Amino acid sequence: MLDPKLLRTGLEQVVQNLARRGFVLDSGRYGRLENDRKALQVKVEQLRSERNDRSRMIGKAKASGKDIQPLLDEVQSLGDNLKLRAAELEQLQAELDGFLLGLPNLLDESVPQGNSEEDNQEVRSWGTPPVFDFPALDHVDLGAGIGELDFEAAALVAGARFSVMRGSLARLHRALIQFMLNEHVEQHGYEEIYVPYLVNAAALEGTGQLPKFGDDLFAVKGDQEFYLIPTAEVPVTNQVRDSIQSPEDLPLKFAAHTPCFRSEAGSYGKDTRGMIRQHQFEKVELVQIVRPEDSAAAHEELTDHAERILQKLKLAYRVVVLCSGDTGAGAAKTYDLEVWLPGQEKYREISSCSNCRDFQARRMGARWRNPATGKPELLHTLNGSGVAAGRALVAVMENYQQQDGSIRIPEVLQPYMNGLEVISLPKG
RNA sequence: GGAGAGGUGGCUGAGUGGUCGAAAGCGCUCCCCUGCUAAGGGAGUAAGGGUUAAAAGCCCUUCGAGGGUUCGAAUCCCUCCCUCUCCGCCA
């Protein structure tokens, strides 16, 4: 959420910033809502103040044994009027809140202008894509070849956009997760955290998935309103909701491994082959909760932590900064890590690292006590995949493939694979 | 699933219809005293919002959430959520 005060005092500036995303802020509607709110709120509070005064007088009169009936008569009409106006205000406030919750975050000045993915800008790249002296297969064919990746089995028990892994491949997937989590905890100073995979609506509103992006979520049937998490960002970042953090505890750095569930509504026909885009996938997520002045540096640091995973896996990748039109609603700035996939001969997103500034913090009520002012102030939140495990598996399979269809195990993962060096094809 | 207890400020915890946003203690901040240390004394210390260019001031809201009763609710009534204890069941 944006600062309501900023909207009141610097509307034009907000309108222009959001226009960079292609977002049109209806300033006429906002102006009307805000004007009405102001008038009504002043009125309601005035009425309440009056009522409180009268009630106090009645209390005093009663205590001193006077007749309070005349005072009661006098106050009669006040209550009804107040009730009516208060209800009006409540409705108006709800409308205004809805409007505010629907606004995306302000973009960082450094975010390049653009409309789509096409306009994202490469910041740097690492490694060189492997050159094969044979036709490279994609992970679907490789998985079928080793007999350990089965989409038909998944369709049988669930449907499209699910996968079943078996044997060494399933273990390799798990090895990736263990490796990444260990790196972040042992090398990068994150606290490992285990969190619920089902969350309530308030948490999703806190991180910005609701109210606007509910279509991407799976809601769970039952007495209580639960949603499957689309990313660990939701339960992890919401750890600080409605709280005031002590400055000495900052920054908070969490690393979590969770499955993620996405309906992928609106992506029909996109990445239908293989496990690039699934309803369920595993991810190791990094979250940092920092002082406002530290968030830009933390963003670079967090991105670097994700990059180190790819470096240790010796996977070629590039870092792009998302353009104004492609940056997610909650983010002020986002770096995507794109890993080279020989099967597609393309760089594909494997991590997304965002600085949300105070956008989520304001929704969550996540604050810290600034020693300089002694006052509670909003924190900054950041999150990034470090990295998506399913796609990392795809990348390893395709980049480490050999002519006979076998797959080498990256060195750093071998300890997690009981020393296994190659996943070979079944005999016969 | 059954039975009970409870949710109050950073924390502990009092408060059962009228200056209660809330006693007391702890913690924290500032000041004083004491040649260090220890101890002592005093003052202050919730959050959100409105009004304002901003501040001061003033006002409103908040004692788990939502409704209700009342001139007036932390206190009374209803519904829900959460936590804890015991029993049962269970990975």
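Naming: A, B, ... by sequence-line order, numbering from 1 per chain. The structure presented is a predicted model; accordingly, all values stated were derived computationally and were not measured.
- A/N81 has its CG atom 15 Å from the C1' atom of B/rC71, to the nearest Å.
- Nucleotides B/rA39 and B/rC20 place their C1' atoms 35 Å apart, quoted to the nearest Å.
- In this structure, A/K62 does not reach the B/rU19 phosphate: none of its side-chain N or O atoms is under 4.0 Å from OP1 or OP2.
- Rounded to the nearest Å, the gap between the C1' atom of B/rU12 and that of B/rG17 is 27 Å.
- What separates CD of A/E248 from C1' of B/rG10 is a distance of 11 Å, to the nearest Å.
- Under the 30°/60° scheme for interplanar angles, the aromatic rings of A/H299 and A/Y335 are found to lie parallel.
- One C1' atom belongs to B/rA22, the other to B/rG9, and the distance between them is 9 Å to the nearest Å.
- Judged by Watson-Crick or G-U wobble contacts below 3.5 Å, the nucleotide B/rA73 has no partner.
- Spacing between atom CD of A/E45 and atom P of B/rC60 amounts to 8 Å, rounded to whole angstrom units.
- At a threshold of 4.0 Å, the pair A/E95-A/R29 counts as salt-bridged, since one of the basic side-chain nitrogens sits closer than that to a carboxylate oxygen.
- One C1' atom belongs to B/rC11, the other to B/rU45, and the distance between them is 14 Å to the nearest Å.
- Base pairing analysis places B/rU83 opposite B/rA5; the two distances defining the Watson-Crick or G-U wobble pair are each below 3.5 Å.
- Side-chain proximity of A/R51 to B/rG72, B/rA47, B/rG50: nearest is B/rG72.
- In this structure, the nucleotide among B/rG49, B/rC71, B/rU51 sitting nearest to the side chain of A/V42 is B/rU51.
- A/K312 has its side chain within reach of A/E183: a pair of non-hydrogen atoms, C-beta onward, lies under 4.5 Å apart.
- For the P atoms, the distance linking B/rG88 with B/rU16 amounts to 38 Å, nearest Å.
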**Study point:** Evaluation steps, salt bridge (Lys or Arg N to Asp or Glu O under 4.0 Å), between A/R277 and A/E264
**Key:** CA-CA 8 Å; A/R277 192 177 299 274; A/E264 296 295 344; 3.3 Å; yes
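- Of the candidates B/rU61, B/rC71, B/rC59, the closest approach to any side-chain atom of A/N52 belongs to B/rU61.
- Residues A/I244 and A/Q41 each lie close to RNA chain B; by heavy-atom proximity, the contact nearer the 5' end of the strand is made by A/I244.
- Using the Watson-Crick or G-U wobble rule with both distances under 3.5 Å, B/rU37 pairs with nothing in any strand shown.
- Applying the 6.0 Å contact sphere to CD of A/E300 captures more than 12 heavy atoms from other residues, nucleotides or ligands.
- Using Watson-Crick or G-U wobble geometry with both donor-acceptor distances under 3.5 Å, B/rA46 finds its partner in B/rU62.
- Using the Watson-Crick or G-U wobble rule with both distances under 3.5 Å, B/rA53 pairs with nothing in any strand shown.
- For A/K253 and A/E301, the salt-bridge test passes: some basic side-chain N is under 4.0 Å from an acidic carboxylate O.
- Here, B/rA74 and B/rG66 have their P atoms 13 Å apart, quoted to the whole Å.
- Distance A/N200 CG to B/rA65 P: 15 Å, rounded to the nearest Å.
- Between B/rG17 and A/R56, no contact under 4.0 Å exists linking OP1 or OP2 to a side-chain N or O.
- Annotation: B/rU8 and B/rG64 have their P atoms spaced 6 Å apart (nearest Å).
- Between A/L96 atom CG and B/rG50 atom P the separation is 10 Å, expressed in whole Å.
- Nucleotides B/rC63 and B/rC76 are separated by 16 Å at their C1' atoms, to the nearest Å.
- Separating the CE atom of A/M1 from the P atom of B/rG48 is a distance of 13 Å, rounded to the nearest angstrom.
- Using a 30° and 60° split on the angle between ring planes, A/H188 and A/H305 fall in the parallel class, below 30°.
- Residues A/E377 and A/W368 are in side-chain contact: their nearest non-hydrogen atoms beyond the backbone lie under 4.5 Å apart.
- With hydrogens and angles left out, the side-chain atoms of A/E233 and A/T207 include no donor and acceptor closer than 3.5 Å.
- Contact check of residues 360-376 of chain A against RNA chain B (heavy atom, cut-off under 4.0 Å) returns A/R367, A/R369, A/P376.
- Note: CD (A/E377) to C1' (B/rA47) measures 14 Å, nearest angstrom.
- Dashed line: the shortest gap from a side-chain N or O of A/S49 to OP1 or OP2 of B/rC60 is under 4.0 Å.
- Closest-nucleotide positions on RNA chain B for A/Q46 and A/G59 were compared, and the one nearer the 5' end corresponds to A/G59.
- The separation between A/R48 atom CZ and B/rU51 atom P is 15 Å, rounded to whole Å.
- Pairing for B/rG17 is absent, with no Watson-Crick or G-U wobble pair whose two atom distances lie under 3.5 Å.
- Each of B/rC71, B/rA54, B/rG67 was ranked by its minimum atom distance to the side chain of A/T9; first place goes to B/rA54.
- Across the strands present, B/rU12 finds its partner in B/rA24; the criterion is a Watson-Crick or G-U wobble pair with both atom distances under 3.5 angstrom.
- Using a 4.0 Å cut-off between charged side-chain N and carboxylate O, A/D141 and A/R273 make a salt bridge.
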